[in-house]
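Worth saying up front: this structure is predicted, and the values here are computed from it rather than measured. Both backbone and side-chain heavy atoms feed into the values below; hydrogens, waters and symmetry mates do not.
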Amino acid sequence: MHVAILTFDGFNELDSLIALGILNRVKQPAWRVSLACPAPRVRSMNGVVIDAQASLRRPYRRCVIVGSGVLTRK
């Protein structure tokens, strides 16, 4: 299963990074969790810059989590 955590510019670090940390503790075969972003790099609402682990263009995820942030709805 591939879990994608949608992470956009202005993201809330707590939503995206804590979800990533907790879900990556699941130790099952073929289980994968990644930060899916619209650009190669995104900046949080507090200035933290992260690299995307997956693209939003690849429709192969079975589970999607939408992280919050100041620009998420936009």
* Kindly say whether N46 contributes a backbone atom to a donor-acceptor pair with the side chain of S44 at under 3.5 angstrom? => yes
* State, yes or no, whether a side-chain contact exists between P38 and F8 at a heavy-atom distance under 4.5 Å. => yes
* Structure fact -> In this structure, SG of C63 is separated from CE of M1 (nearest 0.5 Å) by 6.0 Å
* Judged by atom type as modelled, is there a donor-acceptor pair below 3.5 Å linking the side chain of W31 to the main-chain atoms of V3? -> no
* Carboxylate-amine/guanidinium proximity below 4.0 Å for D9 and R43 -> no
* Structure fact -> Which of I65, L35, V42, I50 passes side chain to side chain contact (heavy atoms under 4.5 Å, CB included) with S16? Answer is L35
* Check whether L20 and V48 end up in the same hydrophobic cluster, where Ile, Leu, Val, Met, Phe, Trp and Tyr are linked by side-chain heavy atoms less than 4.5 Å apart. => yes
* Which distance, rounded to the nearest 0.5 Å, do you find between the CD1 of I5 and the CG of D15? -> 9.5 Å
* Asked: Of the non-hydrogen atoms in A39 and A52, which two are nearest, and what is the gap between them?
  -> O-CB, 3.5 Å
* Linking I/L/V/M/F/W/Y whenever their side-chain heavy atoms sit closer than 4.5 Å, directly or via other members, would M45 and I18 fall into one cluster? -> no
* To do: Treating Ile, Leu, Val, Met, Phe, Trp and Tyr as nodes and any side-chain heavy-atom pair under 4.5 angstrom as an edge, say whether V26 and V33 lie in one connected cluster.
  => yes
